[in-house]
Amino acid sequence: MNQPKPTTDERKRELRHELLRQRRYMTAADCAGAGERCADALFALPLFSRPRTTPLTMACHVSMGTEISTLPILNEAAARGIHLLVPRLGSGREVGWSRLTSPEEVAGLRHEAAFVAGRTPHPHEPDAETLPAAALADADVIVLPALAVDHDGDRLGRGAAWYDHALMFAPAASPRIAICWASEFVDETLPTQPHDVRVDAVLTPRGLTFTR
């Protein structure tokens, strides 16, 4: 008897489970070193060297668990005078942001480098005011996490669709850059659903690649 074909949700859940299983071998040192290499590749983009009359604004998540550390990106951005928007996670798909404008504010963040037994990791969040979802309309570039990305820019997240909802407020011209481990930038086509938002580029410790 033929087995029923897995649904898109089932395929996504299976992929997430496998990718997170592979990530469990990453150490804090791996995450930090990868973050430094990603920062070097990101800030080599011409976007960051063009003359401007107003500061750039970057939206970037605060890394957690076995994600590549984004602290090098956040620290370098703050040192360059780039304004930062970092996510404030609400219930469900609730979207909010905090604005950071100084190296001192970024210094108060930390990468949650390990999973705590029995608890889902949660990104460290600043004490700054929570801004509404529409604050993302100010972002000139957006760096977001991914468990996998394919060469068409389809992104697999953790399943809450938080970023898919958040990106509705982003300017169309602002590059969306997903950060993941090099092995997670995959050749095969990822399963997608209508609400999934494609990214414009993939950032890994091996460099930055535009997908479209």
Side-chain angles (χ1 to χ4, degrees), residues 15-45 47-48 58-80 82 84-89 97-98 100 103 106-116 119-126 139 141-151 153-160 162-164 166-167 175-187 190 197-211:
L15 274 172
R16 288 188 191 102
H17 178 78
E18 175 59 22
L19 290 162
L20 288 169
R21 186 190 67 80
Q22 293 174 15
R23 279 190 178 188
R24 67 183 176 180
Y25 299 104
M26 299 300 178
T27 66
D30 292 332
C31 294
E36 294 286 353
R37 293 191 294 277
C38 285
D40 289 343
L42 178 66
F43 287 103
L45 281 174
L47 170 70
F48 296 104
M58 175 193 292
C60 181
H61 63 290
V62 182
S63 51
M64 63 179 185
T66 49
E67 293 175 346
I68 293 170
S69 176
T70 56
L71 291 187
I73 292 173
L74 294 167
N75 284 324
E76 179 64 19
R80 289 171 177 246
I82 296 170
L84 288 163
L85 292 169
V86 298
R88 297 297 297 262
L89 304 183
W97 302 91
S98 284
L100 307 180
V106 174
L109 301 174
R110 64 183 182 273
H111 174 91
E112 299 290 357
F115 290 92
V116 176
R119 182 175 68 84
T120 301
H122 191 280
H124 186 65
E125 294 181 340
V141 58
I142 301 150
V143 178
L144 62 155
L147 289 175
V149 183
D150 65 23
H151 286 262
D154 291 315
R155 166 186 167 271
L156 181 70
R158 289 181 177 266
W162 193 93
Y163 273 100
D164 296 307
L167 290 172
R176 296 146 172 80
I177 301 173
I179 183 170
C180 63
W181 297 94
S183 61
E184 296 166 351
F185 184 23
V186 297
D187 292 327
L190 292 172
V197 177
R198 283 181 167 176
V199 297
D200 303 295
V202 183
L203 180 61
T204 80
R206 294 181 183 171
L208 188 144
T209 304
F210 280 90
T211 58

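Along the sequence shown, the residues carry numbers beginning at 1.
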Check: Would V143 and H61 satisfy side-chain contact (heavy atoms from CB on, under 4.5 Å), going step by step from the backbone distance to the final call?
Finding: CA-CA 7 Å; V143 178; H61 63 290; 4.2 Å; yes
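- For the atom pair SG of C38 and CD1 of I73, the computed distance is 6.0 Å after rounding to the nearest 0.5 Å.
- Inter-residue side-chain proximity for E184 and V149 is flagged as unmet; no heavy-atom pair is nearer than 4.5 Å.
- The nearest pair of heavy atoms linking A166 to W97 is CB-CZ2, 4.1 Å.
- A pairwise comparison of heavy atoms in P145 and Y163 identifies CD-CE1, 3.4 Å as the closest pair.
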Next item on the list: Applying side-chain contact (heavy atoms from CB on, under 4.5 Å), run through L15 and L147 and close with a yes or a no.
Entry: CA-CA 9 Å; L15 274 172; L147 289 175; over 6 Å; no
Which atom pairs, one a donor and one an acceptor, fall under 3.5 Å between side chains of residues 198-209 and the rest of the protein, sequence neighbours left out?
{"from": "R198", "atom 1": "NE", "to": "D154", "atom 2": "OD1", "distance (Å)": "3.0"}
{"from": "D200", "atom 1": "OD1", "to": "R212", "atom 2": "NH2", "distance (Å)": "3.3"}
{"from": "D200", "atom 1": "OD2", "to": "R176", "atom 2": "N", "distance (Å)": "2.8"}
{"from": "T204", "atom 1": "OG1", "to": "R206", "atom 2": "N", "distance (Å)": "3.0"}

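- Shortest non-hydrogen contact noted between P72 and A32 is CG-O, 4.4 Å.
- Between the E67 side chain and the M64 main chain, a donor and an acceptor come within less than 3.5 Å of each other.
- Note that CD1 of I68 is 12.0 Å distant from CD of E36, once rounded to the nearest 0.5 Å.
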Item checked: Stepwise side-chain contact (heavy atoms from CB on, under 4.5 Å) test for R16 and L156 -> CA-CA 8 Å; R16 288 188 191 102; L156 181 70; 3.9 Å; yes
Next item on the list: Let me see the working for L100 and L74 under side-chain contact (heavy atoms from CB on, under 4.5 Å), right down to the final yes or no.
Entry: CA-CA 10 Å; L100 307 180; L74 294 167; 5.7 Å; no
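- For the atom pair L20 CG and T66 OG1, the distance stands at 6.5 Å (nearest 0.5 Å).
- Proximity of a side-chain donor or acceptor of S69 to a complementary backbone N or O of G35 within less than 3.5 Å is not detected.
- Side-chain contact between W162 and L144: absent, with no pair of heavy atoms (C-beta onward) separated by less than 4.5 Å.
- Not a single donor-acceptor pair under 3.5 Å links the side chain of D150 to the backbone N or O of V186.
- Atom CG of D30 sits about 5.5 Å away from atom CH2 of W181, to the nearest 0.5 Å.
- Interatomic distance, CZ of F48 versus CG of L42, reported as 4.5 Å (0.5 Å rounding).
- Here the SG atom belonging to C31 is positioned 7.5 Å from the CE atom belonging to M26, to the nearest 0.5 angstrom.
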